[in-house]
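Input: a single structure, listed below in structure tokens.
Since this is a predicted model, take the numbers as computed values, not measurements. Chain identifiers are assigned alphabetically (A, B, ...) following the order of the sequence lines, protein sequences preceding nucleic acid strands; residue numbering begins at 1 within each chain.
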2 protein chains.
Amino acid sequence: MVTIYDIAAKAGVSAMTVSRVINNTGKISDKTRAKVRRVMEELNYVPNHMARSLVLQQSNVLFLLITDITNPFYTTLARGAEDAAKKHGYRLLFGNSDESLDKEKDYVDAILATRADGVLVAPAGDLSLPHLETLRLHQVPFVLLDREVPGMDSDVVLGDSKEGARKLVDHLTSQGHERIALINGSPQISSARLRLEGYREALKLNDLAFDEAYVLETAFEPRSDLSEIERWLDRMDPAPTAIVAGNNVLAVEVIRTLHARGIRVPEQVSLVCFDDLGPFSEIDPFLTVIAQQAYQFGYLGTQMLVERLQERGVTGLPWKKIVLPADMIVRRSVAAISPTDGRSAR
Amino acid sequence: MVTIYDIAAKAGVSAMTVSRVINNTGKISDKTRAKVRRVMEELNYVPNHMARSLVLQQSNVLFLLITDITNPFYTTLARGAEDAAKKHGYRLLFGNSDESLDKEKDYVDAILATRADGVLVAPAGDLSLPHLETLRLHQVPFVLLDREVPGMDSDVVLGDSKEGARKLVDHLTSQGHERIALINGSPQISSARLRLEGYREALKLNDLAFDEAYVLETAFEPRSDLSEIERWLDRMDPAPTAIVAGNNVLAVEVIRTLHARGIRVPEQVSLVCFDDLGPFSEIDPFLTVIAQQAYQFGYLGTQMLVERLQERGVTGLPWKKIVLPADMIVRRSVAAISPTDGRSAR
DNA sequence: CTGTTAGCGCCTTCAC
DNA sequence: GTGAAGGCGCTAACAG
């Protein structure tokens, strides 16, 4: 391995001079600089980030921990974070927790061990609290993405989940729907809770009764077994005329379940959800969605994180909270019905 | 920051003893081991990977460089690589080159600087050669994924592109199609070349003439401007009755272009492609595709890489090449027509 | 403008 | 079983 000493020797200077050339620090004569540069090329020198980080006590690395790498919401978010990190001179590393607390814990340990300067986390849920406390304990600045964790104050970028849910429900009622069901992520996840709240409030404002049987609280991540959804569909009586899904994964799973039963959307049941389905669904974009600004989640979150990093030392500054608006894209997955319409989703 | 010296002091032992406890090396009495462990917990010790890697001259990190993080083919591949890396005790870091040679170069430099032990690369194209030469020069083992690069021998995991193209064309001819067009990635990419070859061979075997005007060689990555595709569609006369797309991105773009013209698939044009569209297209899986085993690309590639790493020192072992089969999933994007059917794709 | 010294946190080697 | 010395590659602080 070629080190600065190798090139120092060959260039007839000290290692320190080489270091200065590499980092563009201090004053160096053009002549020595040119010579050092030439030798570096000759020897194919590549600086060793690890050695550098060890002395500098900072790595210039940010870590992005997402919960589902196959979900276009998160990959788009990742692109935003990547661009922002690059812009500020940081490198960005990714991790994928799969909504698993265990994997999340492993990643947090790895992040600490690799001495990342800061972290962007989409926490698996409220039970991520100890993991965040670990980061805080070790003074690693972090920004929460998409989800808050009760008991942990921090910078955070959220979508307006409550408002989004209200918009979706309002849209359905405006089309005459009165039996509106909700399939949601775990109540251990803040965004899921807010979506449920928004759903309940919107029902109330529309003078519709809330019925527990119409709500299924399950999980946001992909599953192979659809039987829980099956049972929920069976349970609702009378069947809903419309379904709100807490995210895109759930929406797709509901559609698959319905299709398996020969039930068509929107002809027999209307369906809306949070999060768009990504570029590969543009073949036939038909789902009405709250299209969260995934790219902005990543971009703005990274920007906040970098700002925190730069004010290092200055403590006690208030936490920032960015709430991105919930914009609805109306497409074709909602049918208009008359209130007395007795169609069934079974 | 807590170091092994801090815990050594507090435990009343030497740093070396702490190091031995951490790594489970050498002989340590149960008593001191227990004591050291206790102090580590008390002080929330986290080992410093960078310092460790610096002395050990290895990082236990593998790097996966893909070309499009928003493409489900690559995210699924990433999941496979992640699982395999974990299984073998390596950590996996990701990078996203966006099919850009410049970004790819930046990543290669970063990979060298961070001293990753090995790399999995989906190269941007034939012009990635110098980047691979850089890796080779610095003796960083790598495995190529999905694409070969002429002039660079290495381990590689490929799909059977030629066979895949033949299958797609054969399927179309079996449904009566005779005017079959091809939209493909850059000819600078090995998989694109093989797909073109397979297409040409299959035409010949089916006694169909090859017509250059029916082939568009463009780019695999997503674009915002569809005008090139528009012009190609205009150029073909008579219009094709079926189109083969070199990957999923191109297929979606073709569909969008066609839909904008009010042309429906498969009623007016049939369409097939390489690579499935991922979980979010399961809403209405209708494209007939060569569904490459994305997960296996990542999993097997990582396994090959780890094997190389373990035989470090032993040189001259032959390169391995895994070719994954091209399995076709027939769905509904191909209509049967009679050979004399004069339908138009314009 | 350039060089010397010391040390970042850890592990290998060699002592005891 | 355990410890002391030295060095991985690099840079901050000081010296000239």
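- Of the N and O atoms on the side chains of A/Y295 and A/D83, at least one donor lies less than 3.5 Å from an acceptor on the other residue.
- Atom P of nucleotide D/dG9 and atom CE of A/M40 are separated by 17 Å, given to the nearest angstrom.
- The base of D/dG3 sits within donor-acceptor range of the side chain of B/R20, with an N or O pair under 3.5 Å.
- Residue A/Y5 places none of its side-chain N or O atoms closer than 4.0 Å to OP1 or OP2 of C/dG3.
- Between C/dT12 and B/Q57, no contact under 4.0 Å exists linking OP1 or OP2 to a side-chain N or O.
- Here the P atom of nucleotide D/dC10 and the NE2 atom of A/H49 are 11 Å apart, to the nearest Å.
- For the pair B/S14 and D/dT2, the criterion of a side-chain N or O lying under 4.0 Å from OP1 or OP2 is not met.
- Side chains of A/S97 and A/S100: a donor-acceptor N/O pair is absent below 3.5 angstrom, by distance only.
- Considering only side-chain N and O atoms, A/S19 lies under 4.0 angstrom from the phosphate OP1 or OP2 of D/dT11.
- The interatomic distance linking A/L54 (CG) with C/dC11 (P) rounds to 12 Å, in whole Å.
- At least one side-chain nitrogen or oxygen of B/N23 sits closer than 4.0 Å to the OP1 or OP2 atom of C/dC11.
- One can place CD1 of A/I22 at 13 Å from P of D/dG9, the figure rounded to the nearest angstrom.
- Between the P atom of D/dC10 and the CE atom of A/M50 lies a distance of 10 Å, rounded to the nearest Å.
- At the heavy-atom level, A/L56 lies under 4.0 Å from the strands shown only through sugar-phosphate atoms.
- The residue B/T25 sits apart from the nucleic acid: no heavy atom pair falls under 4.0 Å.
- The closest donor-acceptor contact from the side chain of A/D117 to the backbone of A/S59 lies under 3.5 Å.
- Counted within 6.0 Å of NZ on A/K103, heavy atoms from surrounding residues, nucleotides or ligands total more than 12; the atom is thus considered enclosed.
- For the 3.5 Å distance criterion, the side chains of A/Y5 and A/K10 fail to qualify, holding no donor opposite an acceptor.
- Using a 4.0 Å cut-off, no side-chain N or O of B/T17 falls inside it from OP1 or OP2 of D/dT2.
- Atom CZ in B/R52 sits roughly 18 Å away from atom C1' in D/dG9 (whole-Å rounding).
- D/dT2 atom P lies 15 Å from atom CD1 of B/I4, rounded to whole Å.
- Comparing B/I28 and A/M16 by the nucleotide of DNA chain D that holds the closest heavy atom to each, the one mapping nearer the 5' end is B/I28.
- Look at B/S53 and you won't find any side-chain N or O under 4.0 angstrom from OP1 or OP2 of C/dC10.
- The CD atom of B/Q58 sits 14 Å away from the C1' atom of C/dT12 (whole-angstrom rounding).
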